[in-house]
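Notes to accompany the following structure.
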Protein chains: 2
Amino acid sequence: MPYDPSAFPPFAVTVDLVVLTVRRHSLCALAVRRGEPPFQGRWALPGGFVRDDEDLSQAAARELAEETGLCAHDPAAPAQDNGAHLEQLATYGDPKRDPRMRVVSVAHLALAPDLPAPRAGGDASNARWAPVEELLAQGGYGRDGEPVAPLAFDHAQILADGVERARSKIEYSSLATAFCPPEFTVGELRRVYEAVWGVALDPRNFHRKVTGTPGFLVPTGGTTTRQGGRPAQLFRAGGATLLNPPMLRPEV
Amino acid sequence: MPYDPSAFPPFAVTVDLVVLTVRRHSLCALAVRRGEPPFQGRWALPGGFVRDDEDLSQAAARELAEETGLCAHDPAAPAQDNGAHLEQLATYGDPKRDPRMRVVSVAHLALAPDLPAPRAGGDASNARWAPVEELLAQGGYGRDGEPVAPLAFDHAQILADGVERARSKIEYSSLATAFCPPEFTVGELRRVYEAVWGVALDPRNFHRKVTGTPGFLVPTGGTTTRQGGRPAQLFRAGGATLLNPPMLRPEV
DNA sequence: ATCATAGTCGTCTGCCTGACGATAAACACT
DNA sequence: AGTGTTTATCGTCAGGCAGACGACTATGAT
């Protein structure tokens, strides 16, 4: 049995990406327009086939670079120059999830700071950042009132799972800094939490919390006034990845 | 491109299982002995190919039933008669993880109460419960002094990831009850936490904590004395899946 | 000058936690 | 029957953290 290729059914394996960022106070995901059937013209998550000699994380990093120009952020390299956080999310393998053939998709979650306009093979009209509520509003209407078709395949489920992962993971890890530029203020970090969780946080308690959690933030010494108001201290992400004590998400 | 099978490399897709239980105060995993190369005679995690018409979770549930006789516990069914908790863990797809061919393995994590001896296709000598430290002690020695070979393939990594998932998930979810029989005492639940985390917990504070967390435990009215000492109240798992406030794992 | 905006520092109160004393109810001895 | 051992359960107390919120600071806009 071991070497007989007929002993197991062949699968296609893909990686799909949930790329999240925070723009204009709302959590947005990268969506690309499908150029071919099935689901031609519909929005979908970026992704593609895993190549013959690639590891899954390599394939995800390659797709991420192709779609956004971002370098995947190796967990071992804390200096996040232009790197996004990238981690495996979950794997989706319903026999009917792709009408053409049996496809197993290993979804990955990427978190990136706010970026300029996306590019999908150089074609800007086929890729965009969209608020996740808009992408998940099945058959609803977008911000400009036009009807929005649901995402292709099972990508709505994948996106929902990715958003939920991000929401819960910024609670007990320093992952929220992956949404920020290399240097950021406490207020910018707070707006990340507010956008991802969709809640308002008390600026004073938030400030006390994040500056008091060891290893979360290290001051750079500089200040900025890019938000208006009194100048704010600039910070970099500290070495800690697990927050102790964790940030607490307010009750529903 | 869409319908051309030559456009993507074919993969074999398997499910591997990390089946955990608590026996004799220690966290144990199910291991099976490989009967064929590669890694013939070595211990490995149970698993097998995903069939053509199966979803990944169905394949995992089927393998679990074949190896242990357990029914997979659907998250929607809170009554855990003889059902184990089953959830997807992660997917492993290094091109060289199987020397024969390109295999992507979707690992699943199963948590079960203490069971009678395992069976692997009816052959008891080819399946066993082993303490996870023993299985993870690369090239170390088992409890009876005989040398232990490391697990086959990348199964040591998969097992380590599964154990870590279990350790962190019993902190903020009611998953620890999946290690207990349908009715159990606070002391039995505490010994689960102690075995999984490998720490000693204060019985008084633990009792206050779990009985005070809403939805975690519901008293059945009965008592038992199977642990010796004063009779203890019996409880069933409550409906809550997420614990608020969470259990706190003591510091390192 | 005045206002609006955003940041930062304090205070107070209630809740949770860890440490630990005390009591209760079974069993195993003598 | 009495005594010790084991496990379960209840209480107390001090320290720490979180939410609510007042106060003050430093900038730009009018």
Side-chain angles (χ1 to χ4, degrees), chain A residues 24-25 170-172 180 183-195 197 199-236 240 242-252, chain B residues 24-25 170-172 180 183-195 197 199-236 240 242-252:
Chain A
R24 282 183 274 110
H25 286 208
I170 64 173
E171 259 186 290
Y172 58 89
C180 294
E183 296 199 350
F184 53 90
T185 68
V186 172
E188 289 166 346
L189 184 63
R190 175 169 49 83
R191 280 180 280 275
V192 165
Y193 276 91
E194 291 179 332
W197 284 344
V199 297
L201 299 174
D202 185 291
R204 298 157 292 188
N205 292 335
F206 184 87
H207 188 277
R208 179 184 59 192
K209 192 81 206 295
V210 295
T211 55
T213 298
F216 193 8
L217 301 181
V218 292
T220 68
T223 61
T224 184
T225 167
R226 63 177 167 241
Q227 300 291 336
R230 170 176 165 180
Q233 281 188 73
L234 284 169
F235 294 87
R236 247 195 307 273
L242 254 52
L243 299 184
N244 208 326
M247 303 294 297
L248 292 184
R249 177 161 29 168
E251 303 297 311
V252 271
Chain B
R24 281 183 274 110
H25 286 210
I170 64 173
E171 260 186 288
Y172 57 89
C180 295
E183 297 200 349
F184 54 89
T185 68
V186 172
E188 289 166 346
L189 185 63
R190 175 169 48 81
R191 280 180 279 274
V192 165
Y193 275 91
E194 291 179 332
W197 285 343
V199 298
L201 299 174
D202 185 292
R204 297 158 291 190
N205 292 335
F206 183 86
H207 188 276
R208 179 183 59 193
K209 193 82 204 295
V210 295
T211 55
T213 298
F216 194 8
L217 302 181
V218 291
T220 67
T223 61
T224 184
T225 166
R226 61 176 167 241
Q227 300 289 337
R230 170 176 165 179
Q233 280 187 74
L234 283 169
F235 293 88
R236 248 194 307 272
L242 254 53
L243 299 184
N244 208 328
M247 303 294 298
L248 293 183
R249 177 159 31 167
E251 303 296 312
V252 267

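These numbers come from a predicted model, not from an experiment. Because only heavy atoms are used, hydrogens play no part in the values below, and waters and symmetry mates are left out as well, while side chains stay in.
Checked by atom type and distance alone, the side chain of A/Glu194 never pairs as donor or acceptor with a backbone atom of A/His25 at under 3.5 Å.
Here D/dG19 is the nucleotide among D/dT9, D/dG19, C/dT8 with the atom lying nearest to any side-chain atom of A/Leu248. Candidate nucleotides D/dC10, D/dA26, D/dA18 were compared by shortest atom distance to the side chain of A/Pro231, and D/dA26 ranks first. In the set C/dA19, D/dT27, D/dC21, D/dC21 carries the atom at the smallest distance from any side-chain atom of A/Asn205. Closest to the side chain of A/Val186, from the set C/dT8, C/dG7, D/dG19, is C/dT8. With D/dA18, D/dA8, C/dT17 as the choices, the nucleotide that has an atom nearest any side-chain atom of A/Arg208 turns out to be D/dA18. Listed nucleotides C/dT17, D/dT25, C/dA25 differ in distance to A/Arg230; the shortest reach to its side chain belongs to D/dT25.
Across the protein-nucleic acid pair, B/Glu188 atom CD and D/dT7 atom P stand 12 Å apart, rounded to whole Å. For the pair B/Glu251 CD and C/dG18 P, the computed distance is 9 Å after rounding to whole Å. Taking atom CZ on A/Phe206 and atom C1' on C/dA6, their separation rounds to 14 Å, with Å as the unit. Rounded to an integer number of Å, the gap from B/Phe235 CZ to D/dT9 C1' is 10 Å. Rounding to whole angstrom units, CG of residue A/Leu189 and P of C/dG7 are separated by 11 Å. A/Asn244 has its CG atom 10 Å from the P atom of D/dC17, to the nearest Å. Summarising the geometry, the separation between CZ on A/Phe184 and P on C/dG7 is reported as 13 Å, rounded to the nearest angstrom. Distance, B/Leu217 CG to D/dT9 C1': 14 Å, rounded to whole Å.
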- request: Evaluate the side-chain contact (heavy atoms from CB on, under 4.5 Å) criterion for residues A/Tyr172 and B/Glu171: first the C-alpha distance (whole Å), next the side-chain angles of each, then the deciding distance (0.1 Å), finally the verdict.
  value: CA-CA 12 Å; A/Tyr172 58 89; B/Glu171 260 186 288; over 6 Å; no

task: Go through A/Arg249 and A/Ile170 one step at a time and tell me if the side-chain contact (heavy atoms from CB on, under 4.5 Å) criterion holds.
output: CA-CA 9 Å; A/Arg249 177 161 29 168; A/Ile170 64 173; over 6 Å; no

- prompt: Going through the distances and angles, do B/Leu217 and B/Phe184 end up as a side-chain contact (heavy atoms from CB on, under 4.5 Å)?
  reply: CA-CA 10 Å; B/Leu217 302 181; B/Phe184 54 89; 3.6 Å; yes

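Mapped onto DNA chain C by nearest heavy atom, A/Gln233 and B/Asp202 fall at different nucleotides, with A/Gln233 at the one closer to the 5' end. Each of A/Arg204 and A/Gly229 has a nearest nucleotide on DNA chain D; the 5'-most of these lies closest to A/Arg204.
In terms of heavy atoms, A/Glu188 sits closest to A/Glu183 at OE1-O, 4.3 Å.
The phosphate of D/dA18 has OP1 or OP2 within less than 4.0 Å of a side-chain N or O from A/Lys209. For the pair B/His207 and D/dA8, the criterion of a side-chain N or O lying under 4.0 Å from OP1 or OP2 is not met.
Counting any heavy atom pair closer than 4.0 Å across all strands shown, B/Arg190 reaches sugar-phosphate atoms only and no base atom.
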